[in-house]
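Have a look at the structure below, then the notes.
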Amino acid sequence: MNPCLVCKTPVETFVSFGPQPIANGFIAEKDLGREYFFEMEVAFCPECKMAQLVRQPDREQMFHENYPFFSSLSKGMVEHFRKFSETLLTKHIRSAAPFVVEMGSNDGIMLRNFQEKGIRHLGVEPSGNVAEAARAKGVDTWTEFFDEKVAEKIVAERGQADAFFTSNVFCHIPYTHSILKGIDKLLKPDGIVAFEDPYLGEIVANTTYDQVYDEHVFFFSLHSVSYLFGRHGFELFDVEPQETHGGSMRYYLARKGARPVSERVRATLAQEKELGLDRIETFRKFAKNVEASRDAFVALLRKLKSEGKRVVGYAATSKSTTILNYGKIGPELIEYICDTTPLKQGKVSPGMHIPVVPHERFAADRPDYAVLFAYNHRKEILAKEKAYAGEWITYVPNVHTFANG
Ligand code: SAH
Ligand code: TMP
Ligand code: ZN
């Protein structure tokens, strides 16, 4: 049995996805044969209630100068982070001249809102290319992996912060205690932490097993977040469910006793107990649902193929890597995947090697079916694809087809 990454208690593996490549490892045809694979398994800790990956590739294999995920490509997410910044500034940050720090600031999608208001800020972003895109917008960014040492350096050079926030990053980082010690050093006594990540409750409820990939080492719930931060003197004082990334949770934390704990925290903790997010049995059942979902998806693709239908993928998401490799779905079932990211185009998908093509190709050739891999951007995509008369395929919350409109 493996020790829990958070509390060292032996964990129980409840689902295995077999060998998986780097989820964002879109690869040029000439580099085929040099791909890295790891055995992907998820386990549950009975003590701190953290669902977690059993093993994970080295961080430099995932986050580097060719990181292909640019946050600002989604208009919906740009708006989401504009609102998030407003919420922080109007409801939570008390200082009149605050200093804010973001971990994993990517291309500046969030910090841009602070920069434009002349607010002191710093982004810590290890992937060189996206960090550069942020700097080009005037967002102050260090190209580093945030940890305790970097926190000390920030305090030495810029002073302590009023707020530390991070979205879709915390769940990527196995060395949580170094992050927490860093936050503790970085934050002023009445400073706050706000972060959001895909929510375990949604993953279980919707069988969105594609949230499991190399970068997502933790699947947080209020139970596990309270435990982890509690060990470092922090308290969860509010939560807000989000629609982003297929269902996320935003957590607000401060030092114990510093802020009143909202009723929503107590209510959501009780709800988690009802859903069984604190018990291994729930995850054993989830594993069965995962297998059933995969089988239904593969069966549908094979049926369409036998009927001579043309099926393509819409958006080469990191999530799609899990679905495709777990179901062993290659170009024989999905002809290509269209995507708006130039860095992904002209390459093939990790592991199963489905060609990734520009969106224009999809717009031009009108296939019979399109698999909506970016279901987290469903509204935005369906709104702009009204002209597409073919059917859509989704596997959320179960495998089915639908027409737009
Ligand atoms: N916050 C953005 C980007 C999320 S993608 C959004 O929500 O859209 C995850 C980002 O985390 C990547 O840009 C990656 O380079 C960064 N990252 C990974 N490990 C990190 C670490 N230790 N410190 C800071 N950023 C990290
Ligand atoms: P995400 O699911 O991790 O946010 O990644 C989104 C991916 O989907 C990214 O590669 C860009 C792509 N995409 C499109 O191709 N078209 C779109 O309309 C949207 C919103 C995203
Ligand atoms: Zn644990």
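Both counts, for ligands and for their atoms, begin at 1 and track the order of listing. Keep in mind it's a predicted model, so treat the numbers as computed, not measured.
- Residue-to-ligand polar distances keep Glu380 apart from ligand 2: every N/O pair is separated by 3.5 Å or more.
- Of all the atoms in ligand 1, the ones that sit under 4.0 Å from a non-hydrogen atom of Val124 are 24 (C), 25 (N).
- Listed by atom number, the atoms of ligand 2 under 4.0 Å from Asn376 heavy atoms are 1 (P), 2 (O), 4 (O).
- Near Thr341, with a cut-off below 4.0 Å to any heavy atom, the atoms of ligand 2 are 9 (C), 10 (O), 11 (C).
- Around the Zn ion (ligand 3), the protein contributes the following N, O or S atoms under 2.8 Å, ordered by chain and number: Cys4 SG, Cys7 SG, Cys45 SG, Cys48 SG.
- Each of the following atoms of ligand 2 lies closer than 4.0 Å to a heavy atom of His245: 4 (O).
- Between Lys75 and ligand 2 there is no heavy-atom distance shorter than 4.0 Å.
- Closest to atom 9 (C) of ligand 2 among all protein heavy atoms lies Asp339 OD2, 3.6 Å.
- In terms of polar-atom proximity, Lys344 is counted as a contact of ligand 2, with an N or O under 3.5 Å from an N or O of the ligand.
- Close approach to His377 involves these atoms of ligand 2, each under 4.0 Å from a residue heavy atom: 1 (P), 2 (O), 4 (O), 6 (C), 20 (C).
- Here Phe373 has no heavy atoms under 4.0 Å from ligand 2, in either its backbone or its side chain.
- Nearest protein heavy-atom contact of atom 13 (N) of ligand 2 is Thr340 OG1, 3.7 Å.
- Heavy atoms of Lys384 found under 4.0 angstrom from ligand 2 belong exclusively to the side chain.
- Of all the heavy atoms of Lys319, the ones lying under 4.0 Å from any atom of ligand 2 belong exclusively to the side chain.
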